[in-house]
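Notes for the one structure printed next.
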Amino acid sequence: MPENPRILRVVLLGTPNAGKSTLSNQLLGRKIFPVSKKVHTTRCQALGVITEKEAQVILLDTPGIISPVKQKRHHLECSLLEDPWKSMESADLVVVLVDVSDKWTRNQLSPQLLQCLTQFSQIPSILVLNKVDCLKQKSVLLELTAALTEGIVNGKKLNMRQAFCSYPGTHCPSPAAKDPNTQPVANPQRIGWPYFQEIFMLSALSQADVNILKQYLLAQAQPGPWEFHSEVLTNQTPEEICTNKVREKLLEHLPEEVPYSVQQKTVLWEEGPSGELVIQQNLLVSKESHMRILIGQKGHLISQIAQEVGRDLMDIFLCEVHIRLSVKLLK
């Protein structure tokens, strides 16, 4: 730890599939968190660590905020409801991520997200408009910024001409210092949050875009002891990273509800004679039809998934990885 360490705990909030894990991976510079186009890839709170010079930023990548109705309807774990709220209790800064390419959700913050922001209104927050590279008309960003901030950033009315800086990798600086007497008030009709301190417009896939946000986060770190060694990237165990990576590929390759019903069990984890990591994981399914889908014709699909997982784990663990996936029917 340096002589003058600084630390910042950041919570990433957003609807399912807003790009929270993709953004976290870019900020970390390594694909630690599982990512897929299907919703609910992140099943529980995951933690990543960025350390540069004297500053350490701890990223809490939460599951997408959902309603209790959706949790019951889709038989999802209670952790999907509870973890975003638990994360807020230790946060120094909240990053609200909005997918601007999703026409159904981009025009307003969800009631659950607004409820979370209102309950923890003492915690500073910033707005990140993600996937701006998918927008054909960049003028849409003007409308979205006005709606999602209620036209107010950092306690001042937003001058939309000033706010709309040139994309890509846009950081729109706040107009002025926040009025300390401004207190958030619960509003049942509210669709935006007028207490954001900053706005960022970026593509989480672009390292250059994300680096602007990363430097901002590092600059916000306050004096205090580090929580992790400078070489630590995550609090997840290697086994958890492996399980998450397999689940990412299952979500990517399997249709509809099939990947959500697969149970994973690691049965072998050892170092081979040449220092390689040898892993065997059983994938347990309840239906023979699911078993056939997962194995694929002549075993091609399960073999492809194992190869992709192995390549990704080599990039993460920086060593040779041999992984075998076996599909079994639950008895």
If only side-chain N and O atoms count, and only distance matters, is there a donor-acceptor pair under 3.5 Å linking Q115 with Q119? no
If you measure from CD1 on I295 to CG on L325, what distance do you get to the nearest 0.5 Å? 11.5 Å
Minimum heavy-atom distance between V11 and A91, given as atom pair plus value: CG2-CB, 3.5 Å
Verify whether one side chain among N244 and Q236 offers a donor that lies under 3.5 Å from an acceptor in the other. yes
Which pair of non-hydrogen atoms, one from I152 and one from P194, has the smallest distance, and what is that distance? CG2-O, 3.4 Å
Going by the rule side chain to side chain donor-acceptor pair (under 3.5 Å), which residues pair with S230 if we only count those two or more places apart in sequence or in a different chain? none
Nearest-0.5 Å distance, NZ of residue K265 to CG of residue L283: 12.5 Å
Shortest non-hydrogen contact from A18 to N130? O-ND2, 3.0 Å
Counting only heavy atoms not in K31, do more than 12 sit closer than 6.0 Å to its NZ atom? no
All pairs passing salt bridge (charged side-chain N to carboxylate O under 4.0 Å, His left out) where residues 321-330 contributes a residue, at least two apart: none
Is there a side chain to side chain contact (heavy atoms under 4.5 Å, CB included) between V246 and V262? Walk through the geometry before answering. CA-CA 11 Å; V246 172; V262 178; over 6 Å; no
Linking I/L/V/M/F/W/Y whenever any side-chain heavy atoms sit under 4.5 Å apart, do I32 and F317 land together? yes
To the nearest 0.5 Å, tell me how far L277 CG sits from C242 SG. 7.5 Å
Nearest 0.5 angstrom please: D99 CG to R106 CZ, how far? 9.0 Å
Roughly how far, to the nearest 0.5 Å, is CZ of R247 from CD of Q264? 6.5 Å
Residue set satisfying salt bridge (Lys or Arg N to Asp or Glu O under 4.0 Å) with E227, at least two apart, ordered chain then number -> R9
With clusters defined by side-chain heavy atoms of hydrophobic residues (ILVMFWY) lying less than 4.5 Å apart, directly or transitively, does L313 cluster with V278? no
Return the minimal non-hydrogen interatomic distance between A219 and R6, and the atom names on each side. O-NH1, 3.9 Å
If you apply the rule side chain to side chain contact (heavy atoms under 4.5 Å, CB included), what do you find for L23 with L213, and how did you get there? CA-CA 10 Å; L23 179 59; L213 175 61; 4.0 Å; yes
Within a reach of under 6.0 Å around CD of E270, are more than 12 heavy atoms found that belong to other residues, nucleotides or ligands? yes
Which atom pair, heavy atoms only, marks the closest approach of P225 to P5? CA-CG, 4.1 Å
Is it the case that one hydrophobic cluster holds both I123 and L60, taking links as side-chain heavy atoms less than 4.5 Å apart, direct or via other members? yes
All heavy atoms of C116 vs all of M88, minimum pair found to be SG-CG, 3.6 Å
